[in-house]
Colleague: 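There's a structure below that I have some questions on.
Letters go in sequence order (proteins before strands), and every chain restarts at 1.
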Amino acid sequence: MPQDEHREGIKGMANPSRYGIERVAYWLMRLSGLGLLAYFVAHIYETSNILRGQVGWDEFLELTQTTEGHIFLGIVIAMCVFHTVNGIRVMLGHGGVGIGKPARPDYPYEPASQNYRHKIGIYSAILLAAIAMMYGLAVMFGE
Amino acid sequence: MAQISSIANEQTSTPLSSSKSITLRISRFNPEHDGSSRFMEFSVPVEKWTTVLEAILEVKKHFDHSVAVRYSCRQATCGSCGMIINGKPRLACFTKISELNSDVITVEPMNNFPIIRDLAVKFEKLFDTHQKIKPYLIRDDTELVSDEKEFLQSPEEVEQYIQFANCIKCGLCNSACPTMATDSSFIGPQALAQAYRYVADSRDKGKDSRLKIIDDSHGIWRCHFAGSCSQVCPKGVDPAMGIQLLRGYLLGFRS
């Protein structure tokens with residue numbers, strides 16, 4: 001990034017540590033979105049193996065039956081659940097739901113849009129993603 | 001490159017009425033001849049009530065007068081002294097050193113603004129985007145030709161926008177915004193919050209023209225509701241709320 005612009009760049013955008021759980025949710029949302037996009041592309045490639053016939057299909061499917069394959073799918077489940085639940089929260093926020101009402105601010109100026117409803121939404125998304133991932137891993141490794 | 005100022009070390013024994021001192025790390029950068037920024041460290045005596053701006057002015061007065069910093073009112077009204085203090089955008093005059101709970105205070109110029117020198121940044125882009133959203137009442141009639149001397153509003157109508165009228169154009173929200181960090185064309189939370197301020201004003205008739213300006217690929221749709229802008233606002237403006245409410249007009253939730 002050129003010094004004359006002095007922009008934080010991707011490093012600053014991706015730094016989730018300074019602005020509370022909302023910025024962490026923003027970071028996880030972007031990360032999971034990119035991860036799911038990568039999975040979508042990989043999934044199209046994977047399913048295209050059916051063109052190689054039954055043997056080719058079975059060969060490729062075996063990749064997901066390994067320990068690494070199970071962990072990979074567990075992460076995909078977590079990304080999918082987090083992105084869905086947090087996405088609903090963000091969409092509701094975009095529609096003006098749960099962000100409070102304009103009012104004269106009083107010191108110390110706690111922003112109404114960063115209220116407990118959205119914090120509960122974020123923590124719920126993280127918790128549900130963790131539970132779904134653990135359940136998925138339990139099912140896959142329990143086979 | 002951290003550099004201990006020998007002048008500072010020599011003069012810390014200056015008889016100032018304080019038992020405590022902190023290390024103030026100031027980012028130094030002159031775009032005319034520096035390739036990158038560096039830090040200079042000063043030991044500054046502080047009291048419980050000392051603000052970061054006062055500590056910087058102490059450095060200017062006793063140690064190094066060449067430190068460039070913009071300030072004016074010293075009471076969080078003019079919006080001049082925004083800077084990154086210990087990693088977060090804050091007003092230097094509104095931040096007491098005692099509330100930072102650290103013996104080392106690092107001050108840097110605000111992110112996402114071109115640096116003039118040291119801690120002073122250029123505000124041209126901020127003012128341009130602010131002007132772009134037409135920050136004034138738009139109506140066909142005016143007070144000069146109307147029979148009424150004032151455009152009357154109920155207290156409820158005032159409540160709709162008064163919070164957003166507190167903006168002092170300090171730029172902290174733009175500095176904290178993750179979209180501003182990567183998108184140089186993004187209009188920014190400051191301008192978007194001000195667009196809401198006028199759209200929500202019952203006296204204003206320029207809603208459609210403002211919505212047209214912000215309904216752009218680098219406009220309101222680039223906000224992802226990270227909320228960092230609201231967390232750093234020193235006046236309680238809550239730009240994130242204003243932006244989401246503004247988006248409601250474009251999505252048809254509000255009229």
Colleague: Is it the case that more than 12 heavy atoms not belonging to A:K101 sit under 6.0 Å from its NZ atom?
Modeller: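 12 or below, so no.
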Colleague: Which answer fits B:S175, side chain, backbone, both or neither, if we ask what part of it has an atom under 4.5 Å from a heavy atom of chain A?
Modeller: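 Backbone of B:S175 only, per the 4.5 Å heavy-atom cut-off to chain A.
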Colleague: Kindly assign one of parallel, tilted or perpendicular to the pair A:Y107 and B:F94, based on the angle between their ring planes and the thresholds 30° and 60°.
Modeller: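 A:Y107 vs B:F94 ring planes: perpendicular.
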Colleague: Please check this pair: side chain of A:R7 against backbone of B:M180, looking for a donor-acceptor N/O pair closer than 3.5 Å.
Modeller: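 Such a contact is found between A:R7 side chain and B:M180 backbone.
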Colleague: Hey, does A:P105 have a side-chain heavy atom less than 4.5 Å from the side chain of B:D238?
Modeller: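 Result no, sub-4.5 Å side-chain heavy-atom pair not found.
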Colleague: How about B:K207: does its NZ atom have over 12 heavy atoms from other parts shown lying under 6.0 Å from it?
Modeller: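 Yes.
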Colleague: My understanding is that only one of B:P114, B:P31, B:S37, B:P109 makes a side-chain contact (heavy atoms from CB on, under 4.5 Å) with A:H6; could you say which?
Modeller: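 Exactly one pass, corresponding to B:P109.
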Colleague: Which one, B:P178, B:G87, B:G236, leads in non-hydrogen pairs under 4.5 Å with chain A?
Modeller: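 When all of B:P178, B:G87, B:G236 are compared, B:P178 has the most.
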Colleague: Tell me, side chain or backbone of B:D183 under 4.5 Å from chain A's heavy atoms, or both, or neither?
Modeller: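 The answer is the backbone of B:D183.
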Colleague: Could you check which of B:Q160, B:M110, B:Q163 has the highest count of heavy-atom pairs closer than 4.5 Å to chain A?
Modeller: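 Ranked by contacts with chain A, first place is B:Q163.
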Colleague: Taking heavy atoms only and a threshold strictly under 4.5 Å, list by residue number the residues of residues 243-253 of chain B that touch chain A; give 'none' if the list is empty.
Modeller: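 If one takes a 4.5 Å heavy-atom cut-off, the residues of residues 243-253 of chain B near chain A are B:Q244, B:L245, B:R247, B:G248, B:L251, B:F253.
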Colleague: With chain A as the partner, which of B:G242, B:A226, B:C233 has the greatest number of non-hydrogen pairs under 4.5 Å?
Modeller: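 Most heavy-atom pairs within the cutoff with chain A belong to B:A226.
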Colleague: Do you know the tightest heavy-atom contact between B:S184 and A:E5?
Modeller: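 Heavy atoms only, the tightest pair is CB-OE1, 3.7 Å.
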Colleague: Under 6.0 Å from the NZ atom of B:K88, do we count more than 12 heavy atoms belonging to anything else shown?
Modeller: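 Enclosed.
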Colleague: Please classify the contact between B:V232 and chain A as side chain, backbone, both or neither, with a heavy-atom cut-off of under 4.5 Å.
Modeller: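 The answer is the side chain of B:V232.
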Colleague: Inspect the surroundings of NE2 in B:H218 and state if more than 12 heavy atoms from other residues, nucleotides or ligands are less than 6.0 Å away.
Modeller: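 Yes, enclosed.
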Colleague: Measure across B:V158 and A:R104 and return the closest heavy-atom pair with its distance rounded to 0.1 Å.
Modeller: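 Closest approach of B:V158 to A:R104, heavy atoms only: CG1-NH2, 3.8 Å.
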Colleague: With a 4.5 angstrom heavy-atom cut-off, could you sort out which part of B:K125 is near chain A: side chain, backbone, both or neither?
Modeller: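 Side chain only.
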Colleague: Between SG of B:C229 and CD of A:Q114, what distance do you get to the nearest 0.5 Å?
Modeller: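 The distance works out to 7.0 Å.
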Colleague: Please report the closest heavy-atom contact between B:M241 and A:P102, naming both atoms and the distance.
Modeller: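 Scanning both residues, the minimum pair turns out to be SD-N, 3.7 Å.
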Colleague: For chain A, find which of B:A176, B:A240, B:A165, B:A200 contributes the most heavy-atom pairs closer than 4.5 angstrom.
Modeller: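 With the most close heavy-atom pairs to chain A, the winner is B:A176.
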Colleague: Which atom names give the shortest non-hydrogen contact between B:F225 and A:G93, and what distance separates them?
Modeller: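 Reported closest heavy-atom pair: CE2-CA, 3.9 Å.
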Colleague: Any residues in residues 11-42 of chain A near chain B, with a heavy-atom distance under 4.5 Å, and which are they?
Modeller: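 So the qualifying residues are A:M13, A:R18, A:Y19, A:G20, A:E22, A:R23, A:Y26, A:R30.
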